[in-house]
Amino acid sequence: MDALARFPGSYWRDLFDSRVGRTTWPFGSGVWSKKEFVLPEIDSDHIVSLFEGNSNLFWAERLGRDHLGGMNDLWVKHCGISHTGSFKDLGMTVLVSQVNRLRRAPLSRPIAGVGCASTGDTSAALSAYCAAAGIPAIVFLPANRISLEQLIQPIANGATVLSLDTDFDGCMRLIREVTAELPIYLANSLNSLRLEGQKTAAIEILQQFDWEVPDWVIVPGGNLGNIYAFYKGFEMCRVLGLVDRLPRLVCAQAANANPLYRYYKSGWTEFTPQVAEPTFASAIQIGDPVSVDRAVVALKATNGIVEEATEEELMNAMSLADRTGMFACPHTGVALAALFKLRDQRIIGPNDRTVVVSTAHGLKFSQSKIDYHDSKIEDMACKYANPPVSVKADFGAVMDVLKKRLKGKL
Ligand SMILES: Cc1ncc(COP(=O)(O)O)c(C=O)c1O
Ligand SMILES: N[C@@H](CCOP(=O)(O)O)C(=O)O
């Protein structure tokens, strides 16, 4: 930080802005375009990048105006529109690049492979970046608890995939034990290299707003590295003079996996790990988050809030967002449901500039959407379900359906 502070904030703003849309290696990546803030000492030849970052900041105009009491400055940061379909690419490019550097001469460290426990997205990102670099990847997955689309990613990328009869927290405990014994480098967000990459999403948001600070940023939380990464990105820009304040952060959890929410409600007095229950937001089905202390730092420093969302709330929020042109994942649904609640309580105002962080691509969680639109979910009204209409291939039958659907609009 001392070295970076030798230059004024305007220098960094101009430098980062000058790299947008460039193809000069490695600055075309949204992460490596901020290399000096991420991992300055790495040689560009050691970087393993799949052109992550630079994700769309979607103006959620219709969702804000029509469904959130006339909100006019609502944005969704689509971190899931990325090489492996989630924000994990932002951190994994940094971690795998550093491993690549360590394994090569002159350092030549004896790292046999890189391993992680995962609810599906970390493992996909790790496997893709390792495959690109020719480094063995080992992933521990909780059996039958991740989506098919997520499962096929490490399989296709040639990782060693262990499907374990435990939950994510059980996988996490095991990988920590294994990496303490074997020369396998741990790739979960305990490793701060991951967070160095993930924090660039925060810097990118500031850049996309022409270095104006939003009022609120809402992030779905599971293992809780990402909420801290966002804080770190914003705080670094504040300290180095790129901006003059911090946004308020909201961490959103599924009610079925809400240890941080409970901790927050206790006034930060008592943290109790839990056995997380199944949730459609399966990537955040985590009861004993490794970065809980970091999350508390982030929330306290930003006058932050923790909210929760039931299964029905998160699925409805996701489906409503889809109706306004998105294709959100259930985790984004958790963040959106938190926004609905905070708007209802008038905590977030109609003119507040608010960013919801979308953490994965909806296509990775298609089964949840299929079940919702089939109204096949027990105890859920699925009020935005839009099932396909089966019609005889006959002109008259088709016309009848369309006239009924478009009644009053023809
Ligand atoms: C899609 C998705 N959203 C949100 C999260 C939560 O991020 P974090 O574990 O950093 O809290 C994860 C992973 O946990 C995820 O895969
Ligand atoms: N959602 C994550 C859970 C592990 O989180 P990490 O950020 O600590 O790797 C996943 O996709 O595995």
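In listed order, ligands and their atoms are each counted from 1. Along the sequence shown, residues carry numbers from 1.
- Y264 and W268 have perpendicular rings, their planes meeting at more than 60° on a 0 to 90° scale where under 30° would count as parallel.
- Using a cut-off of 4.0 Å between Lys/Arg side-chain N and Asp/Glu carboxylate O, D215 and R245 are scored as salt-bridged.
- If you check which protein heavy atom lies closest to atom 12 (O) of ligand 2, you get S118 OG, 2.5 Å.
- Here E196 pairs with K232 in a salt bridge; the nearest charged N to carboxylate O distance falls below 4.0 Å.
- Relative orientation of the F58 and H78 rings is perpendicular, given thresholds of 30° and 60° on the angle between their planes.
- Of the protein's heavy atoms, S189 OG, 2.6 Å lies nearest to atom 8 (O) of ligand 2.
- Scanning the protein heavy atoms around atom 16 (O) of ligand 1, the nearest turns out to be D121 OD2, 2.7 Å.
- Looking only at heavy atoms of the protein, atom 7 (O) of ligand 1 is closest to F87 CZ, 3.5 Å.
- For ligand 2, the polar-atom distance check finds an N/O of A283 within less than 3.5 Å of one of the ligand's N/O atoms.
- In terms of protein heavy-atom proximity, atom 9 (O) of ligand 1 is nearest to N223 N, 2.7 Å.
- In this structure, atom 10 (O) of ligand 1 lies nearest to the protein heavy atom N226 N, 2.8 Å.
- Using a 4.0 Å cut-off between heavy atoms, K88 contacts ligand 1 through its side chain alone, with no backbone atom that close.
- Judged by distance alone, with hydrogens and angles left aside, the side-chain atoms of E52 form no donor-acceptor pair with the main-chain N or O of D89 at under 3.5 Å.
- Proximity of R194 to ligand 2 is established by a heavy-atom distance of less than 4.0 Å.
- Ring geometry for H83 versus Y129: interplanar angle over 60°, hence perpendicular rather than tilted (30 to 60°).
- For atom 5 (C) of ligand 1, the closest non-hydrogen atom on the protein side is I284 CG2, 3.4 Å.
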- Message: Show, in sequence, the C-alpha distance, side-chain angles and deciding distance for E41 and R101, and conclude whether the salt bridge (Lys or Arg N to Asp or Glu O under 4.0 Å) test is met.
- Response: CA-CA 11 Å; E41 75 269 30; R101 172 186 181 220; 3.8 Å; yes

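- Inclusion of S123 in the set of residues having an N or O under 3.5 Å from an N or O of ligand 2 is not warranted.
- Looking at ligand 2, you won't find any N or O of Q198 less than 3.5 Å from one of its N or O atoms.
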- After noting the C-alpha distance and the side-chain angles of R19 and E36, does the key distance pass the salt bridge (Lys or Arg N to Asp or Glu O under 4.0 Å) rule? CA-CA 13 Å; R19 289 174 177 164; E36 295 81 357; 2.8 Å; yes

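- Put simply, the side chain of T93 never gets that close to the backbone of L90: no donor and acceptor are under 3.5 Å apart.
- At a 4.0 Å cut-off, not a single heavy atom of S86 sits close enough to ligand 1 to count as contact.
- Annotation for ligand 2: atoms under 4.0 Å from non-hydrogen atoms of N223 are 4 (C), 5 (O), 6 (P), 8 (O).
- Here the shortest heavy-atom distance to atom 3 (C) of ligand 2, taken over T119, I175, L195, N226, belongs to T119.
- The protein heavy atom nearest to atom 3 (N) of ligand 1 is T359 OG1, 2.7 Å.
- R353 forms a cation-pi arrangement with F209, by the criterion of a distance under 6.0 Å to the ring centre and an angle within 45° of the ring axis.
- Here is the list of ligand 2 atoms found below 4.0 Å of a heavy atom in D121: 10 (C), 11 (O).
- Listed by number with element, the atoms of ligand 2 under 4.0 angstrom from any heavy atom of K88 are 1 (N), 2 (C), 5 (O), 6 (P), 7 (O), 10 (C), 11 (O).
- Heavy-atom separations between C116 and ligand 2 are all 4.0 Å or longer.
- Protein heavy atom at the shortest distance from atom 14 (O) of ligand 1 is A283 O, 3.3 Å.
- Atoms of ligand 1 found under 4.0 Å from any heavy atom of G225 (numbered from 1 in listed order, with element): 8 (P), 10 (O), 11 (O).
- Ligand-side atoms of ligand 1 in range of A360: 1 (C), range being under 4.0 angstrom from any heavy atom.
- Interface of G221 with ligand 1, defined as ligand atoms under 4.0 Å from a residue heavy atom, comprises 11 (O).
- Residue contact check: P220 has heavy atoms under 4.0 Å from atoms 4 (C), 6 (C) of ligand 1.
- Taking a 6.0 Å sphere around CD of E181, one finds it holds 12 or fewer heavy atoms contributed by other residues, nucleotides or ligands.
- In terms of modelled atom types and a separation under 3.5 Å, the side chain of N54 and the main chain of V20 share no donor-acceptor contact.
- Between G222 and ligand 1, an N or O atom pair is found at a separation short of 3.5 Å.
- Remark: side-chain polar atoms of W12 are not paired, donor with acceptor, to backbone N or O of L242 under 3.5 angstrom.
- Y372 has its ring centre no less than 6.0 Å from the ring centre of F280.
- With rounding to the nearest 0.5 Å, the separation of OG1 in T160 from CD1 in I184 is 8.5 Å.
- With respect to atom 8 (P) of ligand 1, the closest heavy atom belonging to the protein is L224 N, 3.4 Å.
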